[in-house]
Amino acid sequence: MPSYDLVVIGTGPGGYVCAVRAAQLGLKTAVVEKRPTHGGTCLNIGCIPSKALLHASELFEQARLAFGKMGIDAAPRLDLKTMMAFKEQGVEGNVKGVEFLLKKNRIDAFHGVARIVGPGEVVVAGAKGDTQSLHARSIVIATGSEVAHLKGIEIDEKRIVSSTGALSLPDVPRQLLVIGAGVIGLELGSVWRRLGSQVTVVEFLDGVLPGMDGEVRRAAQRLLERQGMIFRLSSKVTAVDTSGPRLKVTVEPSGGGAADIVEADIVLVAVGRVPYTDGLGLTEVGIKLDDRGRIAVDQRYATSVPGIWAIGDVIAGPMLAHKAEDEGIAVAEILAGQAGHVNYDAIPNVVYTHPEIAAVGKTEEELRAAGIAYNVGRFPMTANGRAKVNMTTEGFIKILADARTDRVLGVHMVCADAGNMAAEAALAIEFGAAAEDLARTCHAHPTLSEAVKEAAMGVAHRTIHM
Ligand code: FAD
Ligand code: NAI
């Protein structure tokens with residue numbers, strides 16, 4: 001039986017990054033993946049294909065609405081097949097990249113479903129009925145998550161789709177009904193609206209993007225409504241009638257009341273994701289789960305069974321690729337005797353709509369609930385020179401700083417390129433910067449990032465361009 005210092009189960013962003021870091025640190029490492037390609041949800045059916053379609057559809061919309069204003073005479077025509085091929089090409093390039101990284105770092109890759117049969121032993125069941133046993137000094141579970149389902153609404157990935165089906169629709173639906181105004185609902189809703197669908201989003205709660213800063217949530221809703229997205233808030237879908245040529249969706253107020261029927265060609269179910277642990281043999285080995293079905297781990301990612309560790313979407317915390325990656329690095333370093341660590345206060349959260357929405361650190365609601373006094377610096381993109389010239393003046397940047405120490409506690413952005421600018425906010429929080437540190441840092445002109453500096457200056461009421 002081949003023997004390893006470490007066997008990682010799952011090669012999503014958590015698993016493959018963990019394996020690479022472990023190999024760098026001298027651990028003899030193997031990975032097991034049940035998909036034909038590496039990269040997990042993120043590269044195959046998540047971050048990468050969704051961002052490809054967001055990019056292409058945004059350019060399509062700009063060509064339709066903005067190019068003329070810049071003197072570019074273009075009348076774009078959609079070729080959906082080619083757009084899908086463009087997306088596939090992006091996915092292929094990325095998954096091949098992971099395969100290359102595994103080889104480069106001399107990591108053995110096994111394809112098949114892994115089951116833990118005891119501490120130190122993993123059995124891999126291949127697609128052709130073959131099995132292979134692996135001995136491992138340590139096992140890291142990085143099996144990720146899967147789509148959450150709604151009772152009574154069966155996803156067939158044709159007319160009632162999850163994000164996976166919504167990334168590969170063969171035609172632009174005339175009417176798309178999205179259940180859930182979370183990240184997937186708004187991103188993929190944006191893609192299909194830009195390509196020509198009428199998009200209605202039904203959300204259980206009374207606002208979009210639960211968990212984000214209240215001011216950001218309200219601004220995001222307003223901007224998306226202005227683009228034509230229709231929101232039915234405080235509402236739930238209780239049934240979808242698939243018997244006719246068009247879907248008949250029953251929508252009810254969340255708190256109960258009269259239902260009405262909305263017709264749609266496609267329904268996208270986007271009500272969250274749940275940890276994926278099927279077939280791993282967790283109960284048999286005695287690995288404990290928490291109350292939400294996630295693998296319970298301590299601060300060092302150790303499960304309840306010695307020698308078995310877990311990271312990424314399958315444990316608590318935000319279901320984000322970069323969170324999984326950082327946990328992968330941390331656990332590899334811990335296994336190699338180093339002090340691996342993730343700062344959960346500095347994890348950026350980005351929604352890739354247009355404008356983008358990005359957040360790092362605490363929201364105003366969280367600070368108020370914790371009784372922490374804070375100052376607010378705000379800067380609207382209408383006052384940023386580059387945004388003006390680019391015609392991307394929607395949105396604002398807001399910085400929350402401790403009233404006593406001036407330390408940056410939260411940064412919230414609704415603006416073009418917010419995702420890239422969130423890196424500066426994460427760095428500030430990671431380094432314990434004060435708002436004044438950001439305000440005194442020279443930012444290149446003309447860039448959108450000057451709005452970060454101006455918002456930081458705003459904390460001390462000394463914004464220049466307002
Ligand atoms: P996964 O990526 O889910 O990987 C787990 C892997 O384990 C899978 O490949 C699976 O096949 C394998 N596996 C499971 N069980 C076994 C087994 N028993 N044996 C062998 N292999 C097994 N996050 C972001 O940060 N930014 C984004 O823009 C973003 N966009 C997204 C868009 C969509 C549509 C979706 C669905 C998700 C998106 N996410 C995004 C979330 C991101 O994809 C996840 O947070 C991330 O993939 C989690 O990484 P992971 O390594 O924990 O798990
Ligand atoms: P989500 O948790 O972001 O949003 C789900 C939404 O559905 C919530 O607003 C919730 O209130 C609503 N909801 C739940 N039940 C409902 C019901 N019965 N009827 C109506 N609404 C209901 O989950 P989503 O969008 O499915 O995404 C899953 C996860 O994937 C995200 O939490 C995120 O971690 C990750 N992701 C990250 C992205 C990014 O970083 N840009 C992009 C896409 C996904």
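Atoms within a ligand are numbered from 1 in the order they appear, just like the ligands themselves.
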May I ask whether Gly328 has any heavy atom positioned less than 4.0 angstrom from an atom of ligand 1? no
Below 4.0 angstrom from a heavy atom of Gly40, which ligand 1 atoms are there? Numbered from 1 as shown, please. 2 (O), 4 (O), 8 (C), 9 (O)
If you scan protein heavy atoms around atom 11 (O) of ligand 1, the nearest is Glu33 OE2, 2.6 Å
Do ligand 1 and Tyr352 have nitrogen or oxygen atoms that lie under 3.5 Å from each other? no
Per atom 25 (O) of ligand 1, closest listed option by heavy atom (Ala321, Pro348, Ser145): Ala321
Gly14 N/O to ligand 1 N/O under 3.5 Å: yes
Output the list of atoms in ligand 1 that are nearer than 4.0 Å to some heavy atom of Tyr276, sorted by atom number. 14 (C), 15 (N)
When Val331, Val297, Val17 are each screened for side chain to side chain contact (heavy atoms under 4.5 Å, CB included) with Ile311, the one that passes is Val331
Evaluate Gly272 for polar contact with ligand 2, using N/O atom pairs at a separation under 3.5 Å. yes
Who gets closest to atom 49 (O) of ligand 1 by heavy atom: Cys18, Gly279, Pro13, Gly15? Pro13
Heavy-atom nearest neighbour in the protein, as seen from atom 41 (C) of ligand 1, with distance rounded to 0.1 Å: Met319 O, 3.6 Å
Does Pro210 have a non-hydrogen atom less than 4.0 Å from ligand 2? yes
Salt-bridge test for Arg273 and Glu146: reply yes if a basic N is under 4.0 Å from a carboxylate O, no otherwise. no
Going by the atom numbers of ligand 1, which of them fall below 4.0 Å from some non-hydrogen atom of Val113? 18 (N), 19 (N)
Shortest protein heavy-atom distance from atom 3 (O) of ligand 1, along with the residue and atom involved: Thr41 OG1, 2.6 Å
Tyr344 and Glu327 side chains, donor-acceptor separation under 3.5 Å: yes
Starting from atom 4 (O) of ligand 1, find the nearest protein heavy-atom neighbour and note its residue, name and distance. Gly12 CA, 3.4 Å
Going by the atom numbers of ligand 2, which of them fall below 4.0 Å from some non-hydrogen atom of Val202? 20 (C), 21 (N)
A student checking ligand 1 against Ser163 at a 4.0 Å heavy-atom cut-off should list atoms 34 (C), 36 (C)
heavy-atom search around atom 7 (O) of ligand 1 in the protein gives Gly10 CA, 3.2 Å
Based purely on interatomic distance, does Leu150 place a nitrogen or oxygen under 3.5 Å from a nitrogen or oxygen of ligand 2? no
I'd like to know if the side chain of Asp241 pairs up with that of Ser243 as donor and acceptor (distance under 3.5 Å, no hydrogens or angles considered). yes
Which ligand 1 atoms are under 4.0 Å away from a heavy-atom of Ala142? 5 (C), 6 (C), 7 (O)
Hey, does the side chain of His322 reach the backbone of Pro348 with a donor-acceptor pair shorter than 3.5 angstrom? yes
Will you find, in the side chains of Arg193 and Gln198, an N or O donor that is under 3.5 Å from an N or O acceptor? no
Can you check whether Leu320 has an N/O within less than 3.5 Å of an N/O in ligand 2? no
Numbered atoms and elements of ligand 1 in range of Lys51, under 4.0 angstrom, heavy atoms: 27 (C), 28 (O), 29 (C), 30 (N)
Under 4.5 Å between any side-chain heavy atoms of Glu187 and Tyr352, yes or no? yes
Any chance you could measure Leu335, atom CG, to Gln338, atom CD, to the nearest 0.5 Å? 10.5 Å
For ligand 2, which atoms sit closer than 4.0 Å to a heavy atom of Tyr352? 41 (N)
Under 3.5 Å, is there a donor-acceptor pair between the side chain of Gln227 and the main chain of His354? yes
Does Asp213 pair with Lys362 as a salt bridge, N-O distance under 4.0 Å? no
Side chains of Leu188 and Leu268: does their closest heavy-atom pair fall under 4.5 Å? yes
Would you mind running through ligand 1 and noting each atom that sits below 4.0 Å from a heavy atom of Thr143? 5 (C), 7 (O), 14 (C), 15 (N), 16 (C)
Considering only protein heavy atoms, determine whether one is less than 4.0 Å from atom 32 (O) of ligand 2. no
Pairs of nitrogen or oxygen atoms closer than 3.5 Å, one from Ile179 and one from ligand 2: do any exist? no
Sub-4.0 Å heavy-atom contact, Arg273 with ligand 1: yes
So the atoms of ligand 2 within less than 4.0 Å of a heavy atom of Val350 turn out to be 39 (C), 40 (O), 41 (N)
With a cut-off of 4.0 Å, which atoms of ligand 1 are near a heavy atom of Cys42? 2 (O), 43 (O), 47 (O)
The closest protein heavy-atom partner of atom 13 (N) of ligand 1 is Lys34 CE, 3.9 Å
Atoms in ligand 2 with a heavy atom of Met319 nearer than 4.0 Å: 33 (C), 34 (O), 35 (C)
Answer with yes or no whether the side chains of Thr29 and Asp5 bring together a donor and an acceptor at under 3.5 Å. no
Quick check on Ile45 - does any of its heavy atoms sit under 4.0 Å from an atom of ligand 1? yes
Starting from atom 45 (O) of ligand 1, locate the nearest protein heavy atom and write down its residue, its atom name and how far away it is, to 0.1 Å. Asp313 OD1, 2.9 Å
What closest approach, in Å, do Glu33 and Gly12 show between heavy atoms, and which atom pair accounts for it? OE1-N, 4.4 Å
Do the rings of Tyr4 and Phe110 sit parallel, tilted or perpendicular, given the 30° and 60° boundaries? perpendicular
Heavy-atom pair with the smallest gap, counting every atom of Leu80 and Val172: CD2-N, 4.0 Å
Correct closest heavy-atom pair for Ile315 and Tyr301 would be CD1-CD2, 3.9 Å
Do any nitrogen or oxygen atoms of Arg273 lie less than 3.5 angstrom from nitrogen or oxygen atoms of ligand 2? no
Do Ile357 and Leu209 have side chains that approach each other closer than 4.5 Å (heavy atoms only, starting at C-beta)? yes
Show the atoms of ligand 2 that are less than 4.0 angstrom away from any heavy atom in Gly180. 6 (C), 7 (O), 12 (C), 21 (N)
Backbone or side chain, does any N or O of Thr11 fall under 3.5 Å from an N or O of ligand 1? no
Is there a donor-acceptor contact under 3.5 Å linking the side chains of Gln24 and Asn105? no
So, do His412 and Glu364 sit near enough that their side-chain heavy atoms are less than 4.5 Å apart? no
Are any of the N/O atoms in Phe204 less than 3.5 Å from those in ligand 2? yes
Donor + acceptor pair across side chains of Lys87, Ser168 (<3.5 Å): yes
Taking C-beta and beyond as the side chain, do Met83 and Leu53 meet within less than 4.5 Å on heavy atoms? yes
Any nitrogen or oxygen of Lys236, main chain or side chain, under 3.5 Å from a nitrogen or oxygen of ligand 2? no
Backbone or side chain, does any N or O of Leu167 fall under 3.5 Å from an N or O of ligand 1? no
Could you name the option among Cys47, Ala310, Gly144, Gly46 that has the heavy atom nearest to atom 42 (C) of ligand 1? Cys47
Give me the residue, atom name and distance of the protein heavy atom closest to atom 19 (N) of ligand 1. Ala114 N, 2.9 Å
